[in-house]
K.L.:
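Have a look at the structure that comes next, please.
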Amino acid sequence: MAASVLLVGESWVVHEIHYKGFDTLNMTSFESGGSPLVEALTAHGHEVTWMRADEATRSFPFHASELDGYDVVILSDVGANSLLLPPEVWREAKVRPNRLEALRQWTEAGGGLLMCGGWRSFAGFQGGGFYHGTAVERALPVEVLPYDDRVETPEGAHGAVLDPEHPAVRGLPASWPPVLGHHRLTPSAGSTVLVESEQGLPLLVVGEHGAGRSAAWASDIAPHWCPPEFSEWDGYGRLFAQLVDWLAAKDASATADRSAAADR
């Protein structure tokens with residue numbers, strides 16, 4: 001089925017200083033890494049809205065009801081601070097709703113939540129993802145470490161499917177192309193590990209939160225952790241499209257239940 005997806009994150013600004021003898025040259029560029037996932041999901045019929053990291057700080061909804069137009073929300077390489085510290089709080093010291101709690105409430109009511117890895121996901125580089133102990137962690141099927149949780153694998157870490165009958169990974173090969181790193185995640189009680197690395201570490205974990213579903217993909221969706229061997233693999237698009245299908249299915253069921261209750 002076609003799902004409405006909100007992808008949040010996957011953008012950054014790079015500022016470089018070049019020293020050339022006596023002279024100094026400053027160069028600034030805007031970079032993004034969400035295109036492989038957006039293109040893959042769109043090709044499989046899903047509708048994707050991409051809210052880049054700088055936009056999310058200002059524009060991510062404050063209330064769960066404002067997310068009701070989406071079936072699935074994907075957080076990818078965007079730290080908790082980007083949602084916890086909107087300009088009204090950071091610059092004007094005004095009280096505002098906790099947007100991580102709004103996202104948890106939306107998931108509990110039937111939404112589909114996916115967090116993908118990156119240096120500002122889960123705990124992340126030097127703990128800067130900052131999701132440990134937050135409302136979003138409670139909605140995820142994994143526990144987030146309170147410190148740097150990276151597992152860097154420059155030699156490549158290959159995923160192995162543990163439950164080939166699960167709809168999110170059905171039809172995919174037993175062994176996957178390598179990723180160059182991932183987060184160290186602990187599955188929560190009641191969750192299911194679908195894919196793990198050769199070292200026995202979880203790469204894809206799914207679970208339920210209230211009437212909704214959630215998933216954690218421990219690696220990235222684009223370089224550097226997700227090399228071309230993975231992002232250009234035929235299974236890349238199928239994996240994330242099927243994962244979105246699975247996440248959205250519970251949302252559709254919950255929405256139908258709410259509608260039926262309203263009719264009565």
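In what follows, every heavy atom counts, from backbone to side chain, and hydrogens, waters and symmetry copies are set aside. None of the values given here were measured: they were computed from a predicted structure.
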K.L.:
Which pair of non-hydrogen atoms, one from Val179 and one from Thr153, has the smallest distance, and what is that distance?
P.N.:
O-OG1, 3.2 Å
K.L.:
Is there a side-chain contact between His224 and Glu152 (heavy atoms, below 4.5 Å)?
P.N.:
yes
K.L.:
Do Arg150 and Trp225 come within less than 4.5 Å of each other through their side chains, counting heavy atoms only?
P.N.:
yes
K.L.:
Are Phe230 and Trp217 near enough that their ring centres are under 6.0 Å apart?
P.N.:
yes
K.L.:
Do the side chain of His158 and the main chain of Trp176 share a donor and acceptor less than 3.5 angstrom apart?
P.N.:
yes
K.L.:
Is the CZ atom of Arg184 crowded by more than 12 outside heavy atoms at less than 6.0 Å?
P.N.:
no
K.L.:
Mind checking the NE2-CG spacing from His18 to Asp23? Nearest 0.5 Å is all I need.
P.N.:
13.5 Å
K.L.:
Where do Ser76 and Glu10 come nearest, in terms of heavy atoms and distance?
P.N.:
OG-OE2, 2.7 Å
K.L.:
Testing Leu67, Asp71, Leu75 for side-chain contact (heavy atoms from CB on, under 4.5 Å) with Leu6, which one passes?
P.N.:
Leu67
K.L.:
Mind listing the closest non-hydrogen atom pair of His182 and Leu203 along with its distance?
P.N.:
CG-CD2, 3.6 Å
K.L.:
Please check this pair: side chain of Gln105 against backbone of Ala64, looking for a donor-acceptor N/O pair closer than 3.5 Å.
P.N.:
no
K.L.:
Is a side-chain donor or acceptor of Asp77 paired with a backbone partner of Arg120 at a separation under 3.5 angstrom?
P.N.:
yes
K.L.:
Just how far is it from atom CG of Leu100 to atom OH of Tyr131, taken to the nearest 0.5 Å?
P.N.:
6.0 Å
K.L.:
Closer than 3.5 angstrom, by distance alone: can the side chain of His166 be matched with the main-chain N or O of Ala168 as a donor-acceptor pair?
P.N.:
yes
K.L.:
Would you call Leu113 and Leu247 a side-chain contact if the rule is heavy atoms closer than 4.5 Å?
P.N.:
no
K.L.:
Any side-chain to backbone donor/acceptor pair from Ser219 onto Cys226? Under 3.5 Å, distance only.
P.N.:
no
K.L.:
Looking at every non-hydrogen atom in both residues, tell me the closest pair between Arg213 and Ala249 and how far apart they are.
P.N.:
NH1-CB, 3.8 Å
K.L.:
So which heavy atom on Val5 is nearest to which on Ile74, and how close?
P.N.:
CG1-CD1, 3.6 Å
K.L.:
Indicate yes or no: at least one non-hydrogen side-chain atom of Ser11 is less than 4.5 angstrom from one of Asp54.
P.N.:
yes
K.L.:
Which pair of heavy atoms, one from Ala216 and one from Pro141, lies closest together, and at what distance?
P.N.:
N-CG, 4.0 Å
K.L.:
Go through the structure and list residues passing side chain to side chain contact (heavy atoms under 4.5 Å, CB included) with Pro86, not counting sequence neighbours.
P.N.:
Phe62, Glu88, Val89, Arg99
K.L.:
Quick check: does any side chain N or O of Tyr236 sit under 3.5 Å from a backbone N or O of Pro228, one acting as donor and the other as acceptor?
P.N.:
no
K.L.:
Examine the side chains of Gln126 and Trp119 and answer whether a donor and an acceptor come within less than 3.5 Å of each other.
P.N.:
no
K.L.:
Side chain to side chain contact (heavy atoms under 4.5 Å, CB included) with Glu55: which residues, sequence neighbours excluded?
P.N.:
Met51, Arg52, Arg58
